[in-house]
2 protein chains.
Amino acid sequence: MGGAESMSRAEPMSHRGRGRTLGPLSREGPTVLELRQLKYFLAVADDLSVAAAARRLRMAQSALSQAVHKMERQLGTPLFDRAGGRLRLTAAGRLLLPEARALVDLPRSLLTSLP
Amino acid sequence: MGGAESMSRAEPMSHRGRGRTLGPLSREGPTVLELRQLKYFLAVADDLSVAAAARRLRMAQSALSQAVHKMERQLGTPLFDRAGGRLRLTAAGRLLLPEARALVDLPRSLLTSLP
DNA sequence: ACAGGTTACGACGCACGTAATCATT
DNA sequence: AATGATTACGTGCGTCGTAACCTGT
């Protein structure tokens, strides 16, 4: 009984407004990368090709392209240089690469160490 | 993407449904933890209270409760012992704690090191 | 009785697939 | 023209909020 009332209504959230629009603008703290995005970035950076990476990931290349673009928007920095129909890592991309690898591999080893 | 405005509204990030209507293959590895889940786990583990953590996270306690339960399902191991109306970390939970902290803090430092 | 955790249910919106278009060789 | 990146559009599924329920002190 008491539970329903005490939870009341939440407002300004730090992330996406899900169920109902809680606040007018959710502008708040820093947006944080998700592991899935980092995996996509790694796959594309590894092949320097969205198409090849999409095949490896078993997903449409449009979806992968969108994901990479979104990630760049979130970071506020391009990770790839698309000049000349070829993909090349930017300075920011090269900086992100080793960190992303470490970040992506951690949960895997973590899961295997659990019973 | 979801309409014309979805692209322009940048901010949230996360995972959700993958409208996978791909072929019968689509073999994916084991379900992997997302950073959002780890943040929730850390908040609950820190307060040893779903209600308090939910207030801090500005979200409903039911949503947080669901998220933690789902995470435990994914790991195949309970992270909290709910006996006696109190929350206590299980052995697996204690094992996960330091790793989760490292994992969650890494992207933050990564972002600040970018131009 | 109350505080807090869980279950039930509906809604909102992202991640993704398909299709069409643009760009480079 | 072909290969590949991007844009446009529709949508299934997951996440979260509200409400109701359950449990321990």
Side-chain angles (χ1 to χ4, degrees), chain A residues 1-23 26 31 34-37 39-40 44 47-55 57-74 78 80-88, chain B residues 1-23 25-26 28 31 34 36-37 39-40 44 47-55 57-74 78-88:
Chain A
M1 283 201 164
E5 286 82 44
S6 44
M7 81 167 68
S8 284
R9 174 221 300 60
E11 21 84 32
M13 305 221 322
S14 53
H15 49 282
R16 76 191 95 138
R18 177 95 51 212
R20 283 192 66 87
T21 315
L22 297 174
S26 300
T31 307
E34 286 290 334
L35 291 178
R36 177 180 330 275
Q37 298 176 290
K39 281 181 224 165
Y40 292 169
V44 174
D47 302 1
L48 284 181
S49 160
V50 174
R55 278 192 295 272
L57 295 170
R58 261 64 172 177
M59 66 187 291
Q61 43 173 294
S62 69
L64 186 53
S65 179
Q66 293 164 28
V68 173
H69 276 272
K70 178 173 186 179
M71 196 173 160
E72 291 177 315
R73 282 204 317 275
Q74 288 178 351
F80 295 98
D81 176 16
R82 280 101 169 163
R86 289 187 64 82
L87 286 174
R88 288 184 308 178
Chain B
M1 314 169 157
E5 66 289 334
S6 293
M7 197 68 167
S8 17
R9 309 190 72 85
E11 193 48 18
M13 49 71 212
S14 187
H15 155 212
R16 192 130 324 124
R18 311 177 43 179
R20 56 166 49 194
T21 319
L22 260 175
L25 285 173
S26 309
E28 199 179 4
T31 308
E34 288 289 335
R36 179 179 37 79
Q37 298 176 292
K39 281 181 225 164
Y40 292 168
V44 174
D47 302 0
L48 285 180
S49 161
V50 174
R55 279 192 294 272
L57 295 170
R58 262 66 172 176
M59 66 186 291
Q61 49 172 315
S62 68
L64 186 52
S65 179
Q66 290 166 27
V68 173
H69 275 272
K70 177 175 186 177
M71 196 172 159
E72 290 176 316
R73 279 204 315 275
Q74 289 178 351
L79 298 170
F80 295 98
D81 176 15
R82 280 102 169 163
R86 305 251 328 151
L87 286 174
R88 288 184 307 178

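Below, chain A is the first sequence line, B the second, and so on; all start at residue 1.
Spacing between atom CG of B:Leu64 and atom P of D:dT18 amounts to 15 Å, rounded to whole angstrom units. As a whole-Å value, the separation of B:Leu57 CG from D:dT15 C1' is 14 Å. Atom C1' of nucleotide D:dA5 and atom CZ of A:Arg88 are separated by 16 Å, given to the nearest angstrom. To the nearest angstrom, P of D:dT23 lies 17 Å from CG of B:Asp81. Remark: C1' of C:dG17 and CZ of A:Arg58 are 16 Å apart, rounded to the nearest angstrom. Spacing between atom CZ of A:Arg73 and atom C1' of D:dT7 amounts to 13 Å, rounded to whole angstrom units. Rounded to an integer number of Å, the gap from CD of B:Glu72 to P of C:dT7 is 11 Å. Rounded to whole Å, the distance from CG on B:Leu87 to P on D:dG24 is 13 Å.
The B:Arg36 side chain lies nearest to D:dC16 when the options are D:dA5, D:dC16, C:dC16. Counting only heavy atoms from C-beta on, A:His69 has its side chain closest to D:dT6 among D:dT6, D:dG17, C:dC16. Closest to the side chain of B:Lys70, from the set D:dT15, D:dG4, C:dG4, is D:dT15. For A:Ser62, the side-chain atoms get nearest to C:dA19 when compared with the rest of C:dA19, C:dC14, D:dG4. Here the nucleotide nearest the side chain of A:Arg55, chosen from D:dG4, C:dG17, D:dT18, is D:dG4.
Residues B:Leu57 and B:Leu64 are in side-chain contact: their nearest non-hydrogen atoms beyond the backbone lie under 4.5 Å apart. Side-chain contact between A:Leu87 and A:Val44 is present, with at least one heavy-atom pair separated by less than 4.5 Å. Counting heavy atoms from C-beta on, the side chains of B:Gln66 and B:His69 never come closer than 4.5 Å.
If you take CD on B:Glu72 and CD on B:Gln37, they are separated by 11.5 Å, rounding to the nearest 0.5 Å.
The side chain of A:Ser65 places an N or O atom within less than 4.0 Å of a non-bridging phosphate oxygen (OP1 or OP2) of D:dT6. Listed pair B:Gln61 / C:dG5 meets the phosphate criterion, a side-chain N or O lying under 4.0 Å from OP1 or OP2.
Counting atom types as modelled, B:Gln66 pairs no side-chain N or O with a base atom of C:dG5 as donor and acceptor under 3.5 Å.
With axes fitted over five pairs at each extremity, the angle between the ends of the helix from C:dA1-D:dT25 to C:dT25-D:dA1 is 30° (10° resolution).
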Listing time: all N or O pairs from protein to nucleotides 20-25 of chain C that are below 3.5 Å?
residue : atom : partner : partner atom : Å
C:dT24  : O3'  : A:Gly84 : O            : 3.2
C:dT25  : OP1  : A:Gly84 : O            : 3.0

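Using modelled atom types, one side-chain atom of A:Asp81 and one backbone atom of A:Ala83 make a donor-acceptor pair closer than 3.5 Å.
The shortest heavy-atom contact between B:Glu34 and A:Leu35 is OE1-N, 3.6 Å.
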